[in-house]
Amino acid sequence: MKELSLYIHIPFCISKCYYCDFSSFVNINHKIDDYIDSLIHELSLYKERINQYNIKTIFIGGGTPSCINPKHINRILEFIYKNFRTTGLVEVTIEANPGTLDREKVQIYKKSGINRVSIGVQTLDDNLLESIGRIHKAKDFYRSYEILREENINNINVDLIFGLPNQTIDNVIDSLKKVIELGVEHISYYGLILEEGTRLYKSYIEGKILLPDEDMERLMYHKATEYLIEHGYAHYEISNYALPSYECKHNLVYWDVKPYLGIGLSSHSNMEGKRFSNTSNINIYIENLKKKILPIEGEEIINKNIEIEEFCILGLRKISGIDKVQFKNRFGIEIEELYKDIINKHIKNGLILNEDNCIQLTERGLDLSNLVEVDFLM
Ligand SMILES: C[S@@+](CC[C@H](N)C(=O)[O-])C[C@H]1O[C@@H](n2cnc3c(N)ncnc32)[C@H](O)[C@@H]1O
Ligand code: SF4
């Protein structure tokens with residue numbers, strides 16, 4: 001039977017971080033009950049379609065799923081276990097903010113089948129945390145981490161951001177050193193994206209903050225990669241590093257362009273030969289589902305060319321690159337035949353390598369991945 005991954009979006013946060021433009025809201029806690037009912041309605045509307053598959057991974061992301069009452073998380077997961085095929089379920093992740101975890105919550109998560117927790121830490125420098133609007137201090141992360149381990153969560157990811165205002169390379173390595181010392185299984189290490197409309201963007205435009213320049217930002221990336229590899233972490237995707245066998249199975253589904261269904265506000269899906277996404281308006285989302293209407297806003301049929309493009313662009317994000325045999329099996333043509341000129345061009349300019357089994361980005365290619373990716377569009 002085919003496999004499917006489920007993404008569930010929880011769009012609530014306690015306060016908005018200055019850099020974040022994710023689909024997440026503060027001060028709308030009165031909508032939580034209705035929203036969770038809507039998630040359950042949405043899942044019900046997909047019942048027949050989901051049951052064509054075995055669910056392989058579930059990712060509860062946000063927003064901050066850990067800021068709502070854990071009974072909601074339990075309700076969603078119990079609904080899934082009761083109504084869908086989950087015998088092949090290997091990974092259930094929840095995203096958490098260190099300021100919002102406590103022992104009781106973690107116990108309920110564990111009872112609900114959650115086996116992976118992804119913690120948004122960003123940095124362990126308290127001044128920096130405050131300057132980007134985080135609600136927690138480094139000590140809150142240590143406390144959350146301790147509780148997770150005591151409750152036998154043995155697959156933990158930590159999100160870190162580099163390129164923050166006034167951040168130095170020593171500061172970045174210091175945070176990495178501290179999370180590595182704890183033995184976290186997985187690290188997502190993101191370069192700051194200055195998103196238009198965020199508080200940080202405004203401060204930058206007004207000249208109130210200074211960001212590391214591009215050379216320094218790249219140095220932070222390469223030094224950290226070196227440091228993580230030295231400490232036993234495999235660099236397996238542009239922004240992701242894992243101890244052996246702890247790669248995120250859910251995210252690999254995205255990068256391998258396998259089927260996934262997104263439930264909840266602003267979520268994206270890719271299944272049954274279509275890409276589609278939900279409305280980002282929470283009122284429309286709730287109202288549609290009350291009327292048993294799927295809150296889909298955009299839909300696109302994936303023809304073969306689109307699928308090839310996506311397979312290449314997302315494949316290049318993986319450090320192992322695009323698997324040539326998988327490409328041939330999936331599309332019935334050699335990648336070197338289809339993209340001969342593009343591949344040669346980027347081999348010449350030092351951005352990609354054509355190995356026996358795969359086409360992958362070079363170290364320089366990782367810095368300029370956008371330049372390579374656009375060339376794979378047909
Ligand atoms: C949904 S949040 C994680 C869970 C929780 N909301 C939290 O922040 O603790 C996903 C992650 O995306 C990253 N992120 C969000 N906005 C970003 C930006 N503008 N640039 C780089 N990384 C960003 C952060 O590392 C964040 O932890
Ligand atoms: S980074 Fe996380 S906690 Fe902060 S606003 Fe975004 S989703 Fe919410």
Side-chain angles (χ1 to χ4, degrees), residues 7-29 32 35 59-68 73 93-102 105-106 109 114 116-125 128-138 140-145 148 156-165 167 172 175-176 179 184 186-205 209 211-212 217-218 220-221 224 237-241 248 250-251 254 262 264-268 280 282 317:
Y7 173 80
I8 315 273
H9 191 70
I10 306 289
F12 306 102
C13 286
I14 290 180
S15 97
K16 193 80 188 170
C17 305
Y18 301 164
Y19 54 84
C20 181
D21 87 334
F22 279 43
S23 176
S24 69
F25 306 97
V26 297
N27 301 326
I28 55 161
N29 285 0
I32 293 177
Y35 184 78
F59 194 103
I60 305 174
T64 307
S66 62
C67 81
I68 63 170
I73 304 294
T93 304
I94 189 163
E95 284 190 322
N97 181 308
T100 65
L101 276 181
D102 60 42
K105 266 187 195 167
V106 177
Y109 294 163
I114 286 170
R116 183 172 186 271
V117 177
S118 174
I119 319 176
V121 176
Q122 325 314 349
T123 169
L124 285 170
D125 177 321
L128 209 46
L129 281 170
E130 194 182 334
S131 75
I132 55 174
R134 295 292 290 179
I135 58 165
H136 57 91
K137 299 268 181 240
D140 299 311
F141 160 66
Y142 287 117
R143 182 70 194 126
S144 300
Y145 187 83
L148 289 168
I156 298 180
N157 170 62
V158 160
D159 288 337
L160 293 173
I161 303 185
F162 64 96
L164 292 169
Q167 201 176 24
V172 163
S175 292
L176 275 173
V179 296
V184 299
H186 191 285
I187 297 173
S188 296
Y189 181 65
Y190 301 119
L192 174 73
I193 301 171
L194 198 57
E195 302 279 7
E196 227 174 295
T198 59
R199 191 159 156 178
L200 204 69
Y201 181 85
K202 191 164 174 272
S203 303
Y204 180 74
I205 296 297
I209 54 161
L211 294 174
E217 200 258 6
R218 288 294 86 198
M220 286 175 171
Y221 179 67
E237 193 269 350
I238 292 187
S239 308
N240 287 283
Y241 306 77
C248 176
H250 184 87
N251 286 340
Y254 299 149
L265 200 65
S266 317
S267 65
H268 292 259
S280 53
I282 192 161
R317 290 197 63 91

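Both counts, for ligands and for their atoms, begin at 1 and track the order of listing. Atoms considered below: every heavy atom in the structure, side chains included; atoms not considered: hydrogens, waters and symmetry mates.
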S175 (side chain) donor-acceptor with L124 (main chain) under 3.5 angstrom: yes

Candidates Y35, F25, F22 - the one meeting ring pair (Phe, Tyr, Trp, His ring centres under 6.0 Å) with F12: Y35

One should read off an interatomic distance between Y241 OH and L160 CG, to the nearest 0.5 angstrom, of 10.5 Å

Ignoring hydrogens and angles, tell me if any N or O in the side chain of N157 forms a donor-acceptor pair with the backbone of S188 under 3.5 Å. yes

Pairs under 3.5 Å, N/O atoms on ligand 1 and on the protein: can you put them in a table with the distances?
residue, atom, partner, partner atom, Å
ligand 1, 6 (N), G63, O, 2.9
ligand 1, 6 (N), T64, OG1, 3.1
ligand 1, 8 (O), R134, NH1, 2.8
ligand 1, 9 (O), R134, NH2, 2.7
ligand 1, 19 (N), Y19, O, 3.0
ligand 1, 19 (N), I193, O, 2.9
ligand 1, 20 (N), I193, N, 3.0
ligand 1, 25 (O), Q122, OE1, 2.7
ligand 1, 27 (O), Q122, NE2, 2.7
ligand 1, 27 (O), D159, OD2, 2.7

Parallel, tilted or perpendicular, as decided by the 30° and 60° cut-offs, for the rings of Y189 and Y221: parallel

Separation between CD1 (I28) and CD1 (I282), nearest 0.5 Å, reads 4.0 Å

Does a donor on one side chain sit under 3.5 Å from an acceptor on the other, for T100 and S66? yes

Parallel, tilted or perpendicular, as decided by the 30° and 60° cut-offs, for the rings of Y254 and H250: perpendicular

Calculate, to the nearest 0.5 Å, the distance between atoms CG and CD belonging to L164 and E217 respectively. 10.5 Å

So does S24 get a backbone contact from the side chain of K16, meaning a donor-acceptor N/O pair under 3.5 Å? yes

When you check the space around atom 8 (Fe) of ligand 2, which protein N, O or S atoms turn up under 2.8 Å? C13 SG

Suppose I only count heavy atoms of Y19 and a 4.0 Å limit; which atoms of ligand 2 are within that range? 1 (S)

Which residue owns the protein heavy atom closest to atom 2 (Fe) of ligand 2, what's the atom, and how far is it? R134 NH1, 4.0 Å

